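The structure presented is a predicted model; accordingly, all values stated were derived computationally and were not measured.
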Amino acid sequence: MSRAHVQSAEPTAAEPLGPAGPSGAAAAPGGEAGPSPAEPATEAPFLELLARGASADAYEQPVLAARAQGRPAARIAALDRAKLLALRVRSELEGRRRREAELSALFETAHDLAGLRDLDAVLRAIVQRARSLLGTDVAYLSLNDPVRGDTYMRVTEGSVAARFQQLRLGMGEGLGGLVAQTARPYVTDDYFEDERFQHTSTIDTGVHDEGLVAILGVPLMLGHTVIGVLYAADRRARVFEREQIALLGSFAALAAAAIDTANLLTETRSALAGLERANEIIRDRSGVIERASDVHDRLAELVLRGGGVHDVAAAVSEVLEGTVEFTEADAAPAKALEASRAEGHAVRHDEDWIAAVSAGGELLGALVLRGHPGLDPVDQRTLERAAMVTSLLLLARRSAAEAEHRVRGELLDDLLDARDRDPRLLRERASRLHADLDATHVVLAARLDGPAADAEHEAAARRRLWSAASHLAATRQGLAAARDGGTVLLLPLTGGDTATGLARRTARQLGTAVHEAVTVGASAPVERLTAHPDAVAAAYAEGRRCLDALRLLGRTGDGAAAEDFGFLGLLLAGDRDIAGFVERTIGQVVGYDERRGTDLVRTLDAYFACGMSPARTKDDLHVHVNTVAQRLDRVGRLLGEDWQSPARSLEIQLALRLHRLASPAQH
């Protein structure tokens, strides 16, 4: 407590003493004077206690002694007020001493960091000081392993269990895994009773071996990236104070700085090694020029004999002594690809080099030189020249493919208009285009949503969209056609993909290709197209409804299917997937009841029927109000904390009603 603080607090404590003022001599009942001048001042015994650093219990003794001696009530009251003020001063002094010790430890750790030689020694010092200042039984530090995707023990202090010292925690597992995953501190006063954490047998066994109960964990951050977790733990129940959490966070910041400094030293040594190799690069200069001449001849030969883009990549790989690959525009790093297209040069991305393959402002793909960070300027121009040759080859191939695209569009038009109902003919036409109409497909309606300067600009944009959609359909063994001012695609659904994922990916791919926002609505998966040609037209109508819904909601440039719109999806979908809506909305609650024989669904029904009043709900269910609260708490854990928000509760009530209607025997 500062001097000003003490001075400002003293009159407040003295004012209630009585008419005699701050002297402490309050008037006794009946007009008698207070304590005589011979009596010691009320503050004196407490000042002595403060001077010798007595325990908090000792401050009660002067008051008890005054009562035992039969002192006047005013004297006892004054002593009691002086005791409270002295305890406040003692608490402030203890806080100052504690903060001084904390700052001293932080300064010592920062000094260790400034003279960093051994990273492990610095980390051990941080963990030891954290344990000492927080007064915990154990302190330890774990680091994230990006390769294995988990976090592992690096330093421990006070640990006695070998299995605990070798623990590895998956992201999201246990308290530490949750801190590493969310980049937020977590604390528990009883770990085994805390259901916020994902308990695993491996972690719980290690913690049990160590005997830990209360655990505090804070993240080690480098920028916005979590690189590890710093912990303090006790073998008994304990509540960690806010100041202790902040102190451990300060030590975590120093630990992260130590790790970053060590990494920088490693990078510096690597850079010095790179400088040593510079002389070798200079000696190889003549060889670089010869390689450039060689690749020029090879590229010219490829163009003359009609080679493909992968032939170009193979030729450049051989000349540059690296791995060169051609990738689609959506598979290349977006920022690096756009920078290369704008600058007209290859640009570096991490350990790779990216050269945009473009024509007329349209991105056709990219040439990627893998694992070659020290690219020579001459070799860089060679990569750029190869990208230009690749664009010429792609344009030549596109002109040949446009005829095929028109054929694909005609087949899709026939499927949409249901003119050709002969399954055999449909299969034959699709087979010639390498499309399989017996596979499960999704119909997607795509439309440009960027502002059009004039009619000519809009027409050109639509042509680019149709061209990009046709190219996408050809590479995915699908079909594409221009229709209703936009484009319709019929694409196969593969593996674990969903209509939503396909719609969003298609919107992103088409938008990247045409440099404008493209909105895509998707139908539900459609099967047996040749047996039911009308299903394609119905699916297209569903995709159009999803497209219109996205535009009305302002989600231009996005992709979605009916399943993304909650209960509104029941109106948008062609087949009214009621079971799917119920499963997505309350499936976890229904499944929990089925597995455990609980009554959460009926409790939810009653809760909403009673106006979301727990008191009326317990009367309706004939249970205790605590039972209702426990069930609703379990519902919140299953459905998420926002389940009672207006939007979520509306969907949940609709799903409950649909579930009840679909299962009348259970209600």
Side-chain angles (χ1 to χ4, degrees), residues 327-331 365 401-402 404-418 420-447 465-483 486-513 518-547 558-564 573-575 577 580:
T327 65
E328 300 293 337
D330 63 303
E402 285 180 354
E404 179 186 341
H405 294 165
R406 284 192 293 271
V407 175
R408 290 180 181 272
E410 291 171 0
L411 176 56
L412 182 53
D413 282 334
D414 287 347
L415 287 170
L416 288 168
D417 298 333
D420 190 350
R421 295 179 177 274
D422 187 337
R424 183 180 58 82
L425 292 178
L426 289 173
R427 287 193 183 94
E428 288 180 358
R429 293 172 61 186
S431 178
R432 288 194 293 270
L433 298 171
H434 305 289
D436 181 10
L437 295 185
D438 291 326
T440 301
H441 286 72
V442 173
V443 179
L444 303 110
R447 179 167 294 182
L465 175 61
W466 177 83
S467 177
S470 299
H471 177 70
L472 178 61
T475 57
R476 290 289 308 275
Q477 287 78 50
L479 304 175
R483 180 168 287 235
T487 301
V488 56
L489 297 96
L490 180 69
L491 298 180
L493 196 63
T494 59
D497 207 355
T498 63
T500 298
L502 185 58
R504 290 177 177 170
R505 190 164 56 252
T506 301
R508 185 171 62 252
Q509 290 171 336
L510 295 180
T512 301
V518 177
T519 307
V520 176
S523 73
V526 182
E527 300 178 350
R528 304 182 62 191
L529 301 180
T530 56
H532 304 286
D534 291 339
V536 180
Y540 174 57
E542 180 181 332
R544 285 287 306 277
R545 289 193 293 271
C546 289
L547 172 63
D558 198 0
E563 62 186 19
D564 298 314
D575 59 356
D577 183 16

Handout entry: Nearest heavy atoms of Thr440 and Glu527, plus distance in Å
Key = OG1-CG, 3.5 Å
Completion exercise
CG of Leu472 to OG of Ser467, rounded to nearest 0.5 Å, is 11.0 Å
Practice task
With sequence neighbours left out, write down each residue that passes side chain to side chain donor-acceptor pair (under 3.5 Å) with Thr519, or none if nothing qualifies.
Solution key: Asp449
Practice task
Can you see which heavy atom on Tyr540 is nearest to which on Ala445, and at what distance?
Solution key: CE1-CB, 3.9 Å
Fill in the blank from the handout: Arg476 meets the salt bridge (Lys or Arg N to Asp or Glu O under 4.0 Å) criterion, sequence neighbours left out, with none
Let me check something: any side-chain donor-acceptor pairs from residues 491-499 under 3.5 Å, sequence neighbours excluded? List them with distances.
unit_1: Asp497; atom_1: OD2; unit_2: Arg505; atom_2: NH2; d: 2.3
unit_1: Thr498; atom_1: OG1; unit_2: Gly501; atom_2: N; d: 3.0

Handout entry: Nearest-0.5 Å distance that lies between atom CD in Gln477 and atom NE2 in His441
Key = 9.5 Å
Completion exercise
Contacts of Ala513 meeting side chain to side chain contact (heavy atoms under 4.5 Å, CB included) (sequence neighbours excluded), chain-then-number -> Ala468
Handout entry: Residues that Ala503 engages under side chain to side chain contact (heavy atoms under 4.5 Å, CB included), provided they are two or more places apart
Key = Leu444, Val520, Ala522
Handout entry: Pairwise side-chain contact, His471 with Glu328, heavy-atom cut-off 4.5 Å (strictly under)
Key = yes
Exercise for the section: Looking only at non-hydrogen atoms, find the nearest pair between Ala469 and Leu489 and report the distance. Expected result: O-CD2, 3.7 Å
Problem - Closest contact, heavy atoms only, Ala446 versus Val518 - result: CB-CG1, 4.1 Å
Exercise for the section: With sequence neighbours left out, write down each residue that passes side chain to side chain donor-acceptor pair (under 3.5 Å) with Thr512, or none if nothing qualifies. Expected result: none
